[in-house]
J.: 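Here you go, one structure.
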Amino acid sequence: MTQGARHVAIIMDGNGRWAKKRLLPRVAGHKAGVEAVRTIVRAAGDMGLEALTLYAFSSENWKRPEEEVSDLMGLMKRFILSDLDEFAANDVKLKVIGNWRALAPDVVAMIDNALERTSGNKRTTLAVALNYGAQDELVRAASAAAAAGAITAEAIEAHLDTADMPPLDLLIRTSGEVRLSNFLLWQSAYAELYFTDKLWPDFAPADLQAALDQFARRERRYGGL
Ligand code: IPE
Ligand code: IPE
Ligand code: MG
């Protein structure tokens, strides 16, 4: 039997379709998506996960209309600011992965502050992937490994944005799409994959529990017998 999951990652997809179904603007879907994030972060802690990584903005999402990008950045800022107390109450340590230092200076400063304020928290690490692309991460990691001496699997792994996190156990994608969209390509080498048709704003703690229950029934072999 598989051991319980320590690290779960989620491709939070389907906000736009959730809004469209309700004849609402896409930003309404993103707002509902933030509510789902709040609920799921709390549930992940209660379910004993050590780490939760959430794909919030990809390095390819810049292709979206300027207005949507700015709505997403605004929501991100508000989420981090308004939830700092909640992180403290739930013992959540914030981490940000991806090329987030290239974001606007006010966002970078706010993230730096949030990282510092939550750095002593221990129960769950919440890694938010912001301006994240796995290929970009791998290029950065391989360059750092080369600069440090040799490009080996161990050296690349040690320079990934997730280097200090437990190995990825389970990768979930909502909204019925069955692709990785440049998320955690290295880390998913032996992760279990779980796809659900639920749109992200509708994804509830019971859905996370269902994914974890299925994970517990999977047999992981890592190439062995
Ligand atoms: C996921 O929802 C949120 C982000 C990518 C930021 P989408 O905005 O991709 O929603 P759909 O896929 O259009 O429904
Ligand atoms: C992946 O979703 C990125 C995030 C969830 C942040 P997308 O909606 O951007 O992915 P594609 O375009 O459908 O592959
Ligand atoms: Mg999408």
Side-chain angles (χ1 to χ4, degrees), residues 7-41 44 51-83 94-104 107-108 110-111 125-140 160-162 165 168 170-188 191 193-204 207-208 211:
H7 182 182
V8 173
I10 309 181
I11 302 175
M12 311 183 286
D13 199 10
N15 294 350
R17 278 161 283 169
W18 183 93
K20 193 171 182 192
K21 267 187 14 191
R22 290 164 177 75
L23 306 176
L24 294 168
R26 291 180 62 85
V27 65
H30 295 315
K31 280 186 189 154
V34 172
E35 288 309 316
V37 167
R38 276 198 185 104
T39 314
I40 291 300
V41 170
L52 178 69
T53 300
L54 299 178
Y55 206 4
F57 193 88
S58 80
S59 49
E60 286 72 38
N61 285 146
W62 298 105
K63 293 178 189 164
R64 296 190 179 198
E66 218 177 288
E67 190 189 342
E68 178 163 352
V69 169
S70 109
D71 285 342
L72 283 166
M73 289 297 156
L75 282 169
M76 196 74 55
K77 282 197 275 186
R78 251 175 290 155
F79 168 70
I80 293 181
L81 278 180
S82 64
D83 281 53
L94 184 70
K95 182 178 166 73
V96 182
I97 64 170
N99 194 8
W100 60 276
R101 290 211 173 266
L103 297 174
V107 182
V108 172
M110 209 203 58
I111 292 173
T125 294
L126 168 65
V128 179
L130 260 188
N131 196 17
Y132 175 91
Q135 292 175 341
D136 170 69
E137 178 193 34
L138 281 167
V139 170
R140 288 188 282 107
L160 292 174
D161 296 350
T162 53
M165 299 178 78
L168 182 62
L170 175 65
L171 175 61
I172 299 172
R173 183 170 188 147
T174 61
S175 89
E177 308 295 349
V178 186
R179 55 175 170 265
L180 297 182
S181 300
N182 204 12
F183 192 47
L184 302 178
L185 297 181
W186 179 285
Q187 296 86 339
S188 1
L193 308 181
Y194 183 93
F195 298 95
T196 167
D197 287 339
K198 280 267 170 104
L199 303 175
W200 173 251
D202 293 328
F203 191 83
D207 299 305
L208 177 59

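Every number for a ligand or one of its atoms is a count from 1 in the order of the listing. The model shown is predicted, which means the values in this text are computed figures rather than measured ones. Worth knowing before you read on, the calculation uses all heavy atoms, side chains too, and leaves out hydrogens, waters and symmetry mates.
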J.: Starting from atom 14 (O) of ligand 2, which protein heavy atom do you reach first, and at what distance in Å?
T.: Ser181 OG, 2.6 Å
J.: Check Trp200 against Gly33 and note the closest heavy-atom contact, atom names and distance.
T.: NE1-O, 3.0 Å
J.: Report the part of Phe57 in contact with ligand 2, treating N, CA, C, O as backbone and CB onward as side chain, heavy atoms under 4.0 Å; options are side chain, backbone, both, neither.
T.: backbone
J.: Answer yes or no: is there a side-chain heavy-atom contact under 4.5 Å between Asn99 and Asp136?
T.: yes
J.: When you measure from the heavy atoms of Arg26 to every atom of ligand 1, does any distance fall below 4.0 Å?
T.: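 The answer is yes, since Arg26 has a heavy atom less than 4.0 Å from ligand 1.
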J.: With a 4.0 Å cut-off on heavy atoms, is Met12 in contact with ligand 2?
T.: yes
J.: So Tyr132 and Phe183, would you call those rings parallel, tilted or perpendicular, with 30° and 60° as cut-offs?
T.: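 Perpendicular, since the angle between the ring planes exceeds 60°.
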J.: So among Thr53, Ile40, Leu170, which one has a side chain to side chain contact (heavy atoms under 4.5 Å, CB included) with Ile10?
T.: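 The side chain to side chain contact (heavy atoms under 4.5 Å, CB included) with Ile10 is passed solely by Ile40 among Thr53, Ile40, Leu170.
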J.: Is the closest heavy-atom distance from Ser175 to ligand 1 below 4.0 Å?
T.: no
J.: Identify the protein heavy atom lying closest to atom 2 (O) of ligand 2, giving its residue, its atom name and the separation to 0.1 Å.
T.: Arg173 NH2, 3.6 Å
J.: Given Trp200, Tyr132, Tyr55, which one has a non-hydrogen atom that is nearest to atom 4 (C) of ligand 2?
T.: Tyr55
J.: Go through the steps for Thr196 and Arg173 under the test side chain to side chain donor-acceptor pair (under 3.5 Å), then give the verdict.
T.: CA-CA 6 Å; Thr196 167; Arg173 183 170 188 147; over 6 Å; no
J.: If you look at every heavy atom in Asn131 and Ala102, which pair is closest and at what distance?
T.: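 That closest heavy-atom pairing would be ND2-CB, 4.1 Å.
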J.: Ignoring hydrogens, what is the shortest heavy-atom contact between Asp202 and Arg22? Give both atom names and the distance.
T.: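 In terms of heavy atoms, the two residues are closest at OD1-NH2, 4.1 Å.
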J.: Closer than 2.8 Å to the Mg ion (ligand 3), which protein N, O or S atoms?
T.: Asp13 OD1
J.: State, to 0.1 Å, how close Arg26 and Gly16 come at their nearest heavy-atom pair, and which atoms those are.
T.: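 Reported closest heavy-atom pair: NH1-CA, 3.5 Å.
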J.: Nearest protein heavy atom to atom 12 (O) of ligand 2: under 4.0 Å?
T.: no
J.: Counting non-hydrogen protein atoms only, what is the nearest one to atom 6 (C) of ligand 1? Give residue, atom name and distance.
T.: Ala56 O, 3.3 Å
J.: Inspect the contact between Lys63 and Glu68 and indicate whether a charged nitrogen and a carboxylate oxygen are less than 4.0 angstrom apart.
T.: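 No, no charged N to carboxylate O under 4.0 Å.
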J.: Within the structure, is a non-hydrogen atom of Arg17 found at a distance of less than 4.0 Å from ligand 2?
T.: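 In this structure, Arg17 fails to qualify as a contact of ligand 2 - no heavy atom is under 4.0 Å.
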J.: Check whether any side-chain heavy atom of Leu130 sits under 4.5 Å from a side-chain heavy atom of Ile97, and report yes or no.
T.: no
J.: Is His30 in contact with ligand 1, taking contact as a heavy-atom separation below 4.0 Å?
T.: yes
J.: Please say whether Asn15 places an N or O atom under 3.5 Å from an N or O atom belonging to ligand 1.
T.: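 For ligand 1, there is an N or O atom that lies under 3.5 Å from one belonging to Asn15.
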J.: Which of the numbered atoms in ligand 1 are below 4.0 angstrom from a heavy atom of Asn61?
T.: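 Checking each atom against Asn61, I get 5 (C).
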J.: Can you confirm whether the side chains of Gln187 and Glu137 place a donor and an acceptor under 3.5 Å from each other?
T.: yes
J.: Can you tell me which portion of Ala129 lies within the under-4.0 Å heavy-atom range of ligand 2? Options are side chain, backbone, both, or neither.
T.: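 The answer is neither.
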J.: State the atoms of ligand 2, each with its element, that fall below the 4.0 Å cut-off from a heavy-atom position in Arg179.
T.: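 Listed by number with element: 11 (P), 13 (O), 14 (O).
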J.: Taking non-hydrogen atoms only, is Arg64 closer than 4.0 angstrom to ligand 1 via side chain, backbone, both or neither?
T.: side chain
J.: Looking at Trp62, does the NZ or CZ of Arg64 lie under 6.0 angstrom from its six-membered ring centre and within 45 degrees of the ring axis?
T.: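 Not satisfied by the 6.0 Å and 45° rule.
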J.: List the atom of Gly14, the atom of Leu199, and the distance in Å for their closest heavy-atom pair.
T.: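 Taking Gly14 first and Leu199 second, the nearest heavy atoms are O-CB, 3.8 Å.
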J.: Hey, does Gly16 come in under 3.5 Å of ligand 1, counting only N/O atoms on both sides?
T.: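 Yes, at least one N or O pair falls under 3.5 Å.
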J.: Can a salt bridge be assigned to the pair Lys31 and Asp71 using a cut-off of 4.0 Å between side-chain N and carboxylate O?
T.: no
